2 protein chains.
Amino acid sequence: MEENNLQSFVKERRKRLGLTQEELSFKAGVGLRFVRDLEQGKSSLQMNKVNQVLKLFGYELGAVPANREDLLHEEG
Amino acid sequence: MEENNLQSFVKERRKRLGLTQEELSFKAGVGLRFVRDLEQGKSSLQMNKVNQVLKLFGYELGAVPANREDLLHEEG
DNA sequence: TGACTTTATACCTTAACGGGTATAAAATGA
DNA sequence: TCATTTTATACCCGTTAAGGTATAAAGTCA
């Protein structure tokens, strides 16, 4: 539990859009397995693939102050 | 030029600490080649390795609203 | 309870990342 | 100008991410 809330962010955003993992993977242009690894908190994912997913939500990977990523839980 | 300012963020922070790429790679526990790829803007880097570097600056990877990553340029 | 949908895990192959090394280029200083 | 330091690029190899497929587990609904 390394506080990897990227996984919950993706999961929450996906559900908010009413998408299944399969639909999200198709829209993002990544494999279904990748979406599952992402939502399961795999830490060694490649940034460009993660960004393909985040882009669907209007987000992208960036450097954020450690222990402040909680701010993302506010609505965009 | 995909506005990958993660590279300039790392480069700037590294210089601010007066470190060479080699010193940074040693402190972060990653290869020198990785630090160079990172500062050159390689987009397919693995998140866990990038986080090893960002941790030295008190930062980590997180989802940020697209086109808002400029806010990171403020001092922590 | 049972069908169906969705998600999680395992196996396998291909492609490429990470990293070491060597070399070249650029920057710094005298 | 020439040394030294630092950074950038290329080559090679071991490891592993990505993704497809299959199977199992979990959730949903009647």
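Naming convention: chains lettered A, B, ... in sequence-line order (proteins, then strands); numbering from 1 in each chain. These figures come from a predicted structure and were not determined experimentally.
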Problem - A/Met47 CE to D/dA18 C1', straight-line distance once rounded to whole Å - result: 16 Å
Handout entry: Between OG1 on residue A/Thr20 and CZ on residue A/Phe26, distance to nearest 0.5 Å
Key = 11.5 Å
Practice task
Just report the end-to-end axis angle for the helix from C/dT1-D/dA30 to C/dA30-D/dT1, five pairs per end, to 10 degrees.
Solution key: 70°
Handout entry: Contacts of B/Gln21 that satisfy side-chain contact (heavy atoms from CB on, under 4.5 Å) - sequence neighbours left out
Key = B/Arg14, B/Leu32, B/Val35, B/Arg36, B/Glu39
Give me the distances for all protein-to-nucleotides 21-27 of chain D N/O pairs that come in under 3.5 Å?
none

Exercise for the section: Please work out if B/Glu39 contacts a base, only the sugar-phosphate, or nothing of the nucleic acid, heavy-atom cut-off 4.0 Å. Expected result: nothing
Enumerate donor-acceptor pairs with a distance under 3.5 Å from any side-chain N or O in residues 46-53 of chain B to protein atoms, sequence neighbours excluded.
from, atom 1, to, atom 2, distance (Å)
B/Asn51, OD1, B/Leu61, N, 2.7
B/Asn51, ND2, B/Met47, O, 3.3

Problem - Distance in angstrom units between A/Leu24 CG and D/dG19 C1', rounded - result: 15 Å
Problem - Between P of D/dT16 and NZ of B/Lys49, the distance in whole Å - result: 10 Å
Problem - Phosphate contact (C/dG19 OP1 or OP2) by B/Lys42 side-chain N/O below 4.0 Å - result: no
Problem - For atom CG of A/Asp37 and atom C1' of C/dA10, their distance in whole Å - result: 12 Å
Practice task
Identify which nucleotide among D/dA8, C/dG19, D/dA18 has an atom closest to any side-chain atom of B/Phe34, counting heavy atoms from C-beta outward.
Solution key: C/dG19
Practice task
Decide whether A/Tyr59 and A/Leu17 are clustered together by the hydrophobic rule: side chain heavy atoms of Ile, Leu, Val, Met, Phe, Trp, Tyr closer than 4.5 Å, transitively.
Solution key: yes
Problem - Of all pairs that satisfy salt bridge (Lys or Arg N to Asp or Glu O under 4.0 Å), the ones with a partner from residues 17-35 of chain B, not counting sequence neighbours - result: B/Arg33-B/Asp37
Practice task
Take atom CZ of B/Phe26 and atom P of D/dT6, then tell me their distance rounded to the nearest Å.
Solution key: 16 Å
Problem - Given D/dA17, C/dT7, C/dG18, the nucleotide with the shortest approach to the side chain of A/Gln46 - result: D/dA17
Practice task
Looking at every strand, decide which applies to A/Gln40 at a 4.0 Å heavy-atom threshold: base, sugar-phosphate, or nothing.
Solution key: sugar-phosphate
Problem - Atom-pair distance (NZ on B/Lys11; P on D/dT6), nearest Å - result: 14 Å
Exercise for the section: Answer yes or no: does a side-chain N or O of A/Gln21 lie under 4.0 Å from OP1 or OP2 of C/dT5? Expected result: no
Practice task
May I have the distance from A/Lys15 (atom NZ) to C/dT5 (atom P), rounded to whole angstrom?
Solution key: 17 Å
Completion exercise
Minimal heavy-atom distance between B/Leu6 and A/Ala63, with the atoms involved, is CD1-CB, 3.9 Å
Practice task
Assign each of B/Asn48 and B/Leu19 to its nearest nucleotide of DNA chain D by heavy atoms, then name whichever residue's nucleotide is nearer the 5' end.
Solution key: B/Leu19
Handout entry: Contact under 4.0 Å: B/Thr20 side-chain N or O vs D/dT6 OP1/OP2
Key = no
Completion exercise
On a heavy-atom basis, the closest approach of A/Phe9 and A/Leu54 is CE2-CD2, 3.9 Å
